[in-house]
Amino acid sequence: MENNSYEYSRKVMKDVSLQELRDRLAEFAKVRGWDQYHSPRNLLLALVGEVGELSEIFQWKGEVARGLPNWTSDDKEHLEEELSDVLLYLVQLADVCGLDLGQAALTKILKNAQKYPITKPT
């Protein structure tokens with residue numbers, strides 16, 4: 001069964017920056033007293049656990065088509081939740097390490113462009 005309110009809420013959301021996620025996560029942890037537990041090691045282990053949960057979603061599905069055309073809205077929502085968990089722990093890990101994840105990602109794209117230049121067919 002399609003969850004129409006879920007689909008609607010997804011469409012009205014605005015784009016979110018990594019900085020906004022970082023700031024919201026920091027505040028979320030701070031007001032709950034959790035930041036004391038958010039060492040780089042602990043966040044990395046939590047991230048690995050979430051990647052495992054994400055992997056389980058695909059474990060027995062074989063190849064999956066782009067856009068997930070054969071998935072239910074519940075399956076897609078579950079995937080979004082696990083992808084979000086991975087992203088949130090990654091953002092927190094970068095933050096507690098004092099790194100600018102967005103800038104690091106852009107720099108990596110540039111490095112990859114140099115490492116793997118566009119080749120034209122001969």
Enquirer: Please report the closest heavy-atom contact between A29 and Q92, naming both atoms and the distance.
Expert: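 Between these two residues, the closest heavy atoms are CB-NE2, 4.4 Å.
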Enquirer: Say whether L21 and F28 are linked into one hydrophobic cluster, either directly or through other cluster members, by side-chain heavy-atom distances under 4.5 angstrom.
Expert: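 Different clusters: L21 never reaches F28 through Ile, Leu, Val, Met, Phe, Trp or Tyr contacts under 4.5 Å.
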Enquirer: Above 12 or not: heavy atoms from other molecules or residues under 6.0 Å from CZ of R32?
Expert: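 Yes, enclosed.
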Enquirer: Between NZ of K111 and NZ of K108, what distance do you get to the nearest 0.5 Å?
Expert: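 Reported to 0.5 Å precision, the distance equals 6.5 Å.
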Enquirer: Out of curiosity, E27 CD to D23 CG, how far, rounded to the nearest 0.5 Å?
Expert: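 The CD atom of E27 sits 9.5 Å away from the CG atom of D23.
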Enquirer: Does any part of the side chain of W71, heavy atoms only, come nearer than 4.5 Å to the side chain of I57, both counted from C-beta?
Expert: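 They are in contact (side-chain heavy atoms under 4.5 Å apart), so the answer is yes.
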Enquirer: According to a hydrophobic-cluster definition based on side-chain heavy atoms being under 4.5 Å apart (Ile, Leu, Val, Met, Phe, Trp, Tyr only), do V51 and V64 belong together?
Expert: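 Per the 4.5 Å side-chain linkage, V51 and V64 are co-clustered.
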Enquirer: Establish whether L101 and L44 are linked, either directly or via other cluster members, by ILVMFWY side-chain heavy-atom contacts under 4.5 Å.
Expert: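 Yes, it is one cluster - the side chains of L101 and L44 are joined through contacts under 4.5 Å.
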Enquirer: If hydrophobic clusters are built by linking Ile, Leu, Val, Met, Phe, Trp and Tyr wherever their side-chain heavy atoms come under 4.5 Å apart, do W34 and V31 end up in the same one?
Expert: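 No, W34 does not connect to V31 through the hydrophobic network.
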Enquirer: To the nearest 0.5 angstrom, please state how far the NE2 atom of H38 sits from the CG atom of L43.
Expert: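 CG of L43 is found 5.5 Å from NE2 of H38.
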Enquirer: Could you give me the CA-CA distance, side-chain angles and deciding distance for D75 and L68, then say whether side-chain contact (heavy atoms from CB on, under 4.5 Å) is met?
Expert: CA-CA 9 Å; D75 289 338; L68 312 175; over 6 Å; no
Enquirer: Which heavy atom in E50 sits nearest to a heavy atom in D85, and how many Å separate them?
Expert: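 Closest approach of E50 to D85, heavy atoms only: OE1-OD2, 3.1 Å.
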Enquirer: If you measure from CZ on F58 to NZ on K61, what distance do you get to the nearest 0.5 Å?
Expert: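 Here the rounded value is 8.0 Å.
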Enquirer: Please say yes or no: joined through hydrophobic side-chain contacts below 4.5 Å, possibly via intermediate residues, are V48 and L87 part of one cluster?
Expert: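 Per the 4.5 Å side-chain linkage, V48 and L87 are co-clustered.
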Enquirer: What's the spacing between H78 NE2 and L83 CG if we round to 0.5 Å?
Expert: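 These two atoms lie 10.0 Å from each other.
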Enquirer: Within a strict 4.5 Å, meaning less than it, do heavy atoms of the L25 and D95 side chains meet?
Expert: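 No; the side chains remain at least 4.5 Å from each other.
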